[in-house]
Amino acid sequence: MHKTNWQVMAQDFMHGEIDKKWQDWWEKEKIFHVTEDPSKQKFYVLDMFPYPSGAGLHVGHPLGYIATDVVARFKKMQGFNVLHPMGFDAFGLPAEQYAIQTGKHPAETTKENIARYKQQMKKIGLVYDWDREVITSDPKYYKWTQWIFLKMYKSWYNKKTDKAEPIETLVGHLEKHGTEGLDAWTSGWEISELTPEQWQNMTLAEKEEFLMHFRLAFLDEAEVNWCPALGTVLANEEVVWDEEKGLVSERGGFPVERRPLKQWFLRITAYAERLLKGLEEIDWRESIKEMQRHWIGKSEGALINFPIENRSESIKVFTTRPDTIFGVTFMVLAPEHPLALEITTEDRKKEVEEFINRIKNQPEIERLSEKDMKGIFTGAYAIHPFTGEKLPIWLGDYVLMHYGTGAIMAVPGHDKRDWKFAKKYGLPIKKVIDAPGVDVEKEAYEEKEGVLVNSDFLNGLTVPEAIEKAIQEIEKRGLGKRHIQYRMRDFLFSRQRYWGEPIPIVYRNIDGKWIPFPVDESQLPIELPYMEDFKPTGSPEPPLARLKDWVELPDGSRRETNTMPGWAGSNWYYLRYMDPHNDQLPVSPEKERYWGPVDLYVGGAEHATAHLIYARFVNKFLKDIGIVTHEEPFQKLFNQGMIQGQTHFIWVDWDEKKAYSSGKVESLPEEVRKRLLKVRFPIKYVDQHGNVDLSRIEEMKREFVQFKDLEFIPDDDGIFRFAEKAIEKMSKSYLNVLNPDDVIEQYGADAFRVYEMFLGPLDEHKPWDTRGIMGAYRFVRNIWNWYVDKEGKPILTDEQPTEEELKIIHKAIDRVTRDIESLAMNTAISTLMTTFNEIKRLGTHKKSILEPFLKLLSPFAPHIAEEIWHLWGNKDSIFNAPWPQAEEKYLKEDTVEYPVAINGKKRFVLQLPTSWSREQIEEFVLNHEKTKKYTEGKEIKKIIVVPGKIVNIVVK
RNA sequence: GCCCAGGUGGCGGAACAGGCAGACGCGCAGGACUUAAAAUCCUGUGGGCCGAUAGGCCCGUGCGGGUUCGAUUCCCGCCCUGGGCACCA
């Protein structure tokens, strides 16, 4: 085999041996094994739950894991009781899709992939308390996922107490008072009024149907995203918009259509207000909080009833601008609105029906992408509740059935969409808010600045005043009420797939109807039965339905065959880590009180809305039922950036099967050049100088068979140069992924970790540079060579440190400590580098300097740190040694280097004592000969002295 | 369209509270070592200009303005890149 450079370089220290030695030792010694210890302050650092994909980890993935590993080791040395667990999100769509692709059972592929992940994590030097490992597809875990679902099923949200309560308290209320005085969250369903007697007289089926509107886990028929290719419904968050294809699944990009289906939901909307409020007290990136606020989408306004002419029904609308009520000139209903066809006059029925069908059958793609709005007049009129005016009722595709009431009062003068609609169909436009330059015939005036006009009792008021006054008047006259509307919808919780937690519900046939009932908690877990063929059918019938023996129970009842979505397990895993083996509860409240909340949660920003909002919701629910004591689960959230890949392109002439170095291209004949294509080349076979590694070209051809027959023609100097390099997302198909195992084999785990941390700010996207890692490698190796001689003996002296040495090391302690605290790993590393350069410059091997430096280095390069630590004769781990403390007295300097600027431009520097006063400095500088040189013949207007910073002289 | 980040050498990036722009690393160039290459070590490295040297000058943090003794940092307007939302009444 060709002897590559690293093998020569690696002779000075055997990183491979050192890495493995300490990885095994940490595992054996369980250095991160923790138990609750009230005498110590806890620190809970958590990584986002990985889904163990079949491709394994690439070098971009572990960025966050390395950061948390650094923090965990650092906090441990600082004396905290550090909980740093790891586990796997193994249920769900991706795992199942992978299994289908490989033709294996997901139970098997999941197991393999987890083993691979753990192996890779170990090689990076990541250390966890594996005794707390959580795997969502493990029945011991999903027993509690199912338990939480049952608790939700058995709960309702009491708005009076502002928390979830057992369904029994609701039933008790109904028995005593009927619906009188009941204030419950029902996701917009209007509670039909009942007397206690009426409730008592209901059949079991009727009662169950009634209660279903209150349960926090409930069945509902709803328009859902059906994905035929995946054979399941998807949550809104799992569906994305594709420019070409329209609505597609996030996984795989398959088309998605809307269909009404009976599905399980979790009533997350009951928690909208608490989810919103909780954001104020947590330390998250503002943009993520904004996304969640937007997702919850709270709007305040009023519900107003508009009577329909000659009919008993009325149209209920929601508006945030009740101040513009006198500007209403027509009404618009969503085409799906239940009254749409009903109110249509006979003469227009046919036309309207056609319109409704056209909109309904129109693929979602078109309806959303078309800029133009479509509408039709129903022939019916509503009556303005204040003026009694007749308002034409239209149908319009720009009004959405699923937001508000599915109907609007159109105020074309002060709403852009209504204005556009009015212009298109020639409907009147009225001005009710006046401000300088407002002309509602030219465009809608949506600002809230101005004064109300043409508005009866609102005239002369400002917009905020008018909003308030209008709502009061509406309520006074019984025309409607104040209302808060949320955009957020309930959480779709069933999937027609095999690989997920079975929903612990059975259906009993009562009077010919299948009524859902919860299974008894003692029967949990409902284990997922083994299926040889688990593929989805393409119809909404879940695979589990095919298992007749499993579905049909001896007592004639039938099991629920839908399974839970991938989110189910990841909603609460962070709690299970606190108490992973508890067989009485998902987590004991005492342990949660000690460990919770998560002090630092690191992960990608892609979970901003889905997982991070579901988990907060489940946490709040568990708090309501007394399991959890903290309202918010994740105190500090840090979103790491992505490591991008560097894609390398070569010039290829496929006809002649030749690949040309870029220097060759110019000399090629025109017809050959025309045929050349830029083709992606695997980064793994790029050499240290950023050229094709010709020495390993045969190896490359074996691995990437598409290049098998290519002849590689280098430049005249024997170097094969690339046509182009580009920064792209790391992806297997771009051939720009690097496996951490390969990188670690070449440079060692420590250099890999140091490099990832050094690359740039943790929260930013930055490209991986194959050559850049050499810097990290040299750094680690040079430290080794400074600490250890050729015979492997430590080089260490007991001499007293000098003042200068102490200043250098204490400044480093101060800086590195603060940097790790704020996750500024890149500057922590650069401080370590500059400090080490100073150590070399001073030629010091004093223990008093090298020991604290080794500790500062240890979270980043734990393997050589541990090795050197033990070479010094220590028996315990360096991570059980205390973190060094910076002493204030060494952080101060006696003199400061003052830049002296003339008119803001630096001209020279002066070394002046720190203790000098402003006046002393001023006098000294003004009398200095260098100053005179610059001020000669000019008038000194002013001198600014900023102690410790700068001197600036203003001359004219 | 709206909201949120961000734009600094050839590259990744640094500059903590408005005070020396370019730390640290990569790359590149020159030199040492070597038969040679790699590795290693040393030196230089934002651009332009003057100067034999020492040294000095000018321009520079996306663009245009402003505040200030002083702006990468604050304010106003614009351009570009990335992310999110997208008929939400």
Side-chain angles (χ1 to χ4, degrees), chain A residues 3-6 8-12 241 285-291 293-295 297-299 301 317-321 324 332 367-368 370-371 373 396-400 402-411 415-418 420-421 485-488 605-606 608-609 641-642 646 688-690 725 727 754-755 758-761 763-776 778-779 781-782 785 815 818-819 822 824 826-827 829-837 897-909 941-944 946 948-955:
Chain A
K3 202 174 189 190
T4 48
N5 301 335
W6 61 267
V8 179
M9 301 181 310
Q11 279 172 355
D12 7 23
W241 176 258
R285 191 203 282 184
E286 197 51 43
S287 65
I288 301 276
K289 288 192 192 181
E290 261 321 294
M291 280 164 71
R293 285 193 193 105
H294 193 248
W295 197 79
K298 178 181 180 176
S299 341
V317 301
F318 171 69
T319 179
T320 55
R321 295 295 302 272
T324 62
V332 188
R367 186 164 164 189
L368 281 173
E370 271 179 49
K371 290 274 170 286
M373 33 177 67
D397 67 345
Y398 78 103
V399 174
L400 306 171
H402 58 71
Y403 184 78
T405 60
I408 60 152
M409 58 176 220
V411 185
D415 182 282
K416 264 196 288 214
R417 297 152 300 174
D418 297 344
K420 231 172 113 185
F421 196 79
Q485 180 70 39
Y486 299 96
R487 176 174 31 239
M488 178 167 65
E606 67 274 14
T609 44
M642 215 169 33
Q646 201 172 32
Q688 260 317 304
H689 300 273
K725 292 173 192 178
I727 304 300
V754 165
Y755 181 59
F758 182 61
L759 213 47
D763 54 356
E764 276 171 35
H765 295 338
K766 58 247 158 190
W768 177 276
D769 178 4
T770 329
R771 291 178 288 187
I773 195 170
M774 273 312 291
R778 286 186 195 119
F779 173 64
R781 191 204 44 203
N782 289 345
N785 289 338
R815 184 75 206 263
R818 283 188 291 124
D819 280 351
S822 60
N826 54 329
T827 50
I829 302 279
S830 76
T831 301
L832 290 172
M833 285 173 167
T834 46
T835 305
F836 180 60
N837 288 343
E897 198 174 71
Y898 276 94
V900 180
I902 313 291
N903 289 338
K905 187 138 274 174
K906 188 198 99 176
R907 294 300 171 178
F908 56 92
V909 291
K941 307 247 339 167
K942 202 173 176 183
I943 175 161
I944 295 114
V946 185
K949 295 279 187 186
I950 198 170
V951 178
N952 190 17
I953 301 164
V954 187
V955 298

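In what follows, every chain begins at residue 1, and chains take the letters A, B, ... in the order their sequences are listed.
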Counting side-chain heavy atoms from CB outward, which of [options] is closest to [X]?
| X | options | answer |
| --- | --- | --- |
| A:Asn952 | B:rG70, B:rG13, B:rU40 | B:rG70 |
| A:Leu400 | B:rG12, B:rC41, B:rC87 | B:rC87 |
| A:Arg778 | B:rA14, B:rC24, B:rC26 | B:rC26 |
| A:Ser287 | B:rG27, B:rC87, B:rC4 | B:rC4 |
| A:Phe758 | B:rG12, B:rG13, B:rG27 | B:rG12 |
| A:Ile944 | B:rG82, B:rA14, B:rG19 | B:rG19 |
| A:Arg815 | B:rG12, B:rC69, B:rA15 | B:rA15 |
| A:Arg781 | B:rU40, B:rC26, B:rG12 | B:rU40 |
| A:Leu759 | B:rG12, B:rA89, B:rG13 | B:rG12 |
| A:Thr834 | B:rA14, B:rC24, B:rG84 | B:rC24 |

Given the [atom1] atoms of [N] and [M], what is the spacing between them in whole Å?
| N | M | atom1 | value |
| --- | --- | --- | --- |
| B:rC76 | B:rU68 | C1' | 16 Å |
| B:rA37 | B:rA54 | P | 31 Å |
| B:rC2 | B:rA14 | P | 31 Å |
| B:rG51 | B:rG56 | C1' | 8 Å |
| B:rG27 | B:rG12 | C1' | 11 Å |
| B:rA38 | B:rG22 | C1' | 32 Å |
| B:rC63 | B:rU72 | P | 11 Å |
| B:rG9 | B:rA5 | C1' | 24 Å |

Can you measure [X] atom [atom1] to [N] atom [atom2] for me and round it to whole angstrom units?
| X | N | atom1 | atom2 | result |
| --- | --- | --- | --- | --- |
| A:Lys949 | B:rC16 | NZ | P | 8 Å |
| A:Phe908 | B:rG19 | CZ | P | 21 Å |
| A:Asn785 | B:rA39 | CG | C1' | 13 Å |
| A:Asp769 | B:rG27 | CG | P | 8 Å |
| A:Met291 | B:rG82 | CE | C1' | 13 Å |
| A:Met488 | B:rC85 | CE | P | 16 Å |
| A:Ile950 | B:rU68 | CD1 | C1' | 13 Å |
| A:Phe836 | B:rC24 | CZ | P | 15 Å |

So, is [X] close to the [N] phosphate, meaning a side-chain N or O under 4.0 Å from OP1 or OP2?
| X | N | answer |
| --- | --- | --- |
| A:Lys766 | B:rG12 | no |
| A:Asn837 | B:rG25 | yes |
| A:Ser830 | B:rG13 | no |
| A:Asn826 | B:rG12 | no |
| A:Arg907 | B:rC57 | yes |

With a non-hydrogen cut-off below 4.0 angstrom, is [X] in contact with a base, only sugar-phosphate, or nothing?
| X | result |
| --- | --- |
| A:Asn782 | sugar-phosphate |
| A:Arg487 | base |
| A:Glu897 | base |
| A:Ser299 | sugar-phosphate |
| A:Val946 | base |

Using both distances under 3.5 Å as the test, list the Watson-Crick or G-U wobble partner of [N], or none.
| N | result |
| --- | --- |
| B:rG46 | B:rC59 |
| B:rG10 | B:rC26 |
| B:rA17 | none |
| B:rC41 | B:rG31 |
| B:rU53 | none |
| B:rG82 | B:rC4 |
| B:rC74 | B:rG66 |

A:Phe318 versus A:Ser299, closest heavy-atom pair with distance:
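A:Phe318 and A:Ser299 have their closest heavy atoms at CZ-O, 3.7 Å.
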
Closest-nucleotide 5' rank along RNA chain B - winner of A:Ile773 and A:Pro767
A:Pro767

Let me spell it out: for each of A:Gly404 and A:Arg771, pick the nucleotide of RNA chain B with the closest heavy atom. Which residue's pick is nearer the 5' end?
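Residue closer to the 5' terminus by nearest nucleotide: A:Arg771.
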
Could you tell me how the ring of A:Tyr398 sits relative to the ring of A:Phe421: parallel (under 30°), tilted (30 to 60°) or perpendicular (over 60°)?
tilted

Does a distance-only test, which skips hydrogens and angles, find a donor-acceptor pair under 3.5 Å between the side chain of A:Glu286 and the base of B:rC4?
no

If only atom types and distance count, is the side chain of A:His765 paired as donor or acceptor with the main-chain N or O of A:Gly641 below 3.5 Å?
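Such a contact is absent between A:His765 side chain and A:Gly641 backbone.
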
Report the distance from atom CD1 of A:Ile902 to atom CD1 of A:Ile943, rounding to the nearest 0.5 Å.
8.5 Å

With A:Val399 as reference, evaluate A:Asp418, A:Val332, A:Thr405 under the side chain to side chain contact (heavy atoms under 4.5 Å, CB included) test and give the passing residue.
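Between A:Val399 and the candidates, side chain to side chain contact (heavy atoms under 4.5 Å, CB included) is satisfied uniquely by A:Val332.
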
Is the shortest heavy-atom distance from the side chain of [X] to the side chain of [Y] under 4.5 Å?
| X | Y | result |
| --- | --- | --- |
| A:Leu759 | A:Asn826 | no |
| A:Arg487 | A:Tyr403 | yes |
| A:Tyr755 | A:Asp769 | yes |
| A:Ile727 | A:Gln646 | yes |

Pick one for B:rG9: is it syn, with its angle within 90° of 0, or anti?
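Here B:rG9 takes the syn form, which means its glycosidic angle is within 90° of 0.
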
Return the set of residues passing salt bridge (charged side-chain N to carboxylate O under 4.0 Å, His left out) with A:Glu286 (not counting sequence neighbours), or none when no residue passes.
A:Arg293

